There are 2 protein chains.
Amino acid sequence: MRPLFHPALEDIRPEAILYALSDPERVAIFAKLATAGCGGTCSALADLGDRIIPKSSLSNHFKVLRESGLIRSERQGVEMRNQTRCAELDARFPGLIRSILVAYGQLPAQLETMSGEEKSRDRR
Amino acid sequence: MRPLFHPALEDIRPEAILYALSDPERVAIFAKLATAGCGGTCSALADLGDRIIPKSSLSNHFKVLRESGLIRSERQGVEMRNQTRCAELDARFPGLIRSILVAYGQLPAQLETMSGEEKSRDRR
DNA sequence: TCCATAGTTCAGAAATTCGGAACTGTTGAT
DNA sequence: ATCAACAGTTCCGAATTTCTGAACTATGGA
């Protein structure tokens, strides 16, 4: 098994991000990953409610997310721990991830403080 | 020639937007369209500098942009006038288009007042 | 009418995506 | 040590999508 490839922050390209998140299944996976308390393993995310993603497809989804720079994957024993790279990404592409998740109606509470919106207090 | 299809604002789906803008050629077209002073015809946008997009491909790019809800196209005499639906889109998906164009380094001056960033004055 | 121009549609080749089956790597039990 | 179970990856063929040259349609002008 070849080692997993993760692009450096500066090599992440917007087209790869948009492509990866143009698939609602991948968005669902990514949004769940952004939720704390989710173990982040692949198989924990296979169930979409209306459909169970086949494992080869799931593996490919994770590969697309990883190689686009959206997540980091690390083997831990028999399973894979995945985590988003939201903080890094927000520094490179301010507001992008947040506005995409909002568009999909998938913004997790954990990301509410990401850039892209002024605080609701202090508004007039 | 069948009439051109434009989705209603409420039927526009984020995956279609992201998919359409996951292609740098389409982004270049869209960004140029968002620029005032550009006539908005298809052939005016075929030249990317490093490559001239074949017209069948160009026609397809416009179709993808149109059917995703990013632009409106209207026949005017022998040619097609295209315009972005930025204002509408920003109401439905706040900050999305702006942050995508920023990510690509393609934000036209005309869009600088779109939502997605507080004004630079009043910052501390 | 005939021609030129702008763009669309068609069709086949090339590339991509999907997913079942086989495989790899790790842990734990015997 | 061997074996079984499990998590995930790779392989590969089928189905789908993308690309683009060639043919076609629509409009306006001479």
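Just so we're on the same page: letters track the sequence lines, and every chain starts at 1. Keep in mind that this is a model prediction, so the values were computed, not measured.
Note on Leu33(A) and Leu58(A): same hydrophobic cluster, where clusters join Ile, Leu, Val, Met, Phe, Trp and Tyr whose side-chain heavy atoms are under 4.5 Å apart, directly or indirectly. Linking Ile, Leu, Val, Met, Phe, Trp and Tyr residues whenever their side-chain heavy atoms come within less than 4.5 Å places Leu70(A) and Leu48(A) in a single cluster. Grouping the Ile, Leu, Val, Met, Phe, Trp and Tyr side chains by contacts below 4.5 angstrom, directly or via other members, places Leu9(B) with Phe93(B).
Regarding Arg75(B), its CZ atom lies at a distance of 8 Å from the P atom of dG7(C), rounded to whole Å. Gln76(B) places its CD atom 14 Å from the C1' atom of dG28(D), with the value rounded to the nearest Å. With rounding to whole Å, Phe62(B) atom CZ is found 15 Å from dT9(C) atom P. One atom, CD of Glu79(A), and another, P of dT9(D), lie 12 Å apart when rounded to the nearest Å. Between the CE atom of Met80(A) and the C1' atom of dT24(C) there is a distance of 13 Å, given to the nearest Å. Taking atom CD of Glu67(B) as the reference point, atom P of dT8(C) lies 11 Å away to the nearest angstrom. Following rounding to the nearest Å, Glu15(A) (CD) and dT18(D) (P) show an atom-to-atom distance of 17 Å. Between the C1' atom of dA6(C) and the NZ atom of Lys63(B) lies a distance of 18 Å, rounded to the nearest Å.
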Under 3.5 Å, which N/O atoms of the protein pair with N/O atoms of nucleotides 19-23 of chain D?
| residue | atom | partner | partner atom | Å |
| --- | --- | --- | --- | --- |
| dT20(D) | OP2 | Ser57(B) | OG | 3.0 |
| dG21(D) | N7 | Ser56(B) | OG | 3.0 |
| dG21(D) | O6 | Ser56(B) | OG | 3.1 |

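Of the listed nucleotides (dT9(D), dT8(C), dT27(D)), dT8(C) has the atom at the smallest distance from the side chain of Leu4(B).
A donor and an acceptor atom, one from each side chain of Ser22(A) and Ser22(B), are nowhere located under 3.5 Å apart.
For the pair Arg66(B) and dT8(C), the criterion of a side-chain N or O lying under 4.0 Å from OP1 or OP2 is met.
The pair Glu25(A)-Arg51(A) meets the salt-bridge criterion, since a charged nitrogen lies less than 4.0 angstrom from a carboxylate oxygen. Classification of Arg26(A) and Glu15(B) as a salt-bridged pair fails, no side-chain N sitting under 4.0 Å from a carboxylate O.
With contacts defined as side-chain heavy-atom distances shorter than 4.5 Å, the pair Ile12(B)/Glu88(B) does not qualify.
Among the heavy atoms of the strands lying under 4.0 Å from Ser43(B) are primed sugar atoms or P, OP1, OP2 only; no base atom is included.
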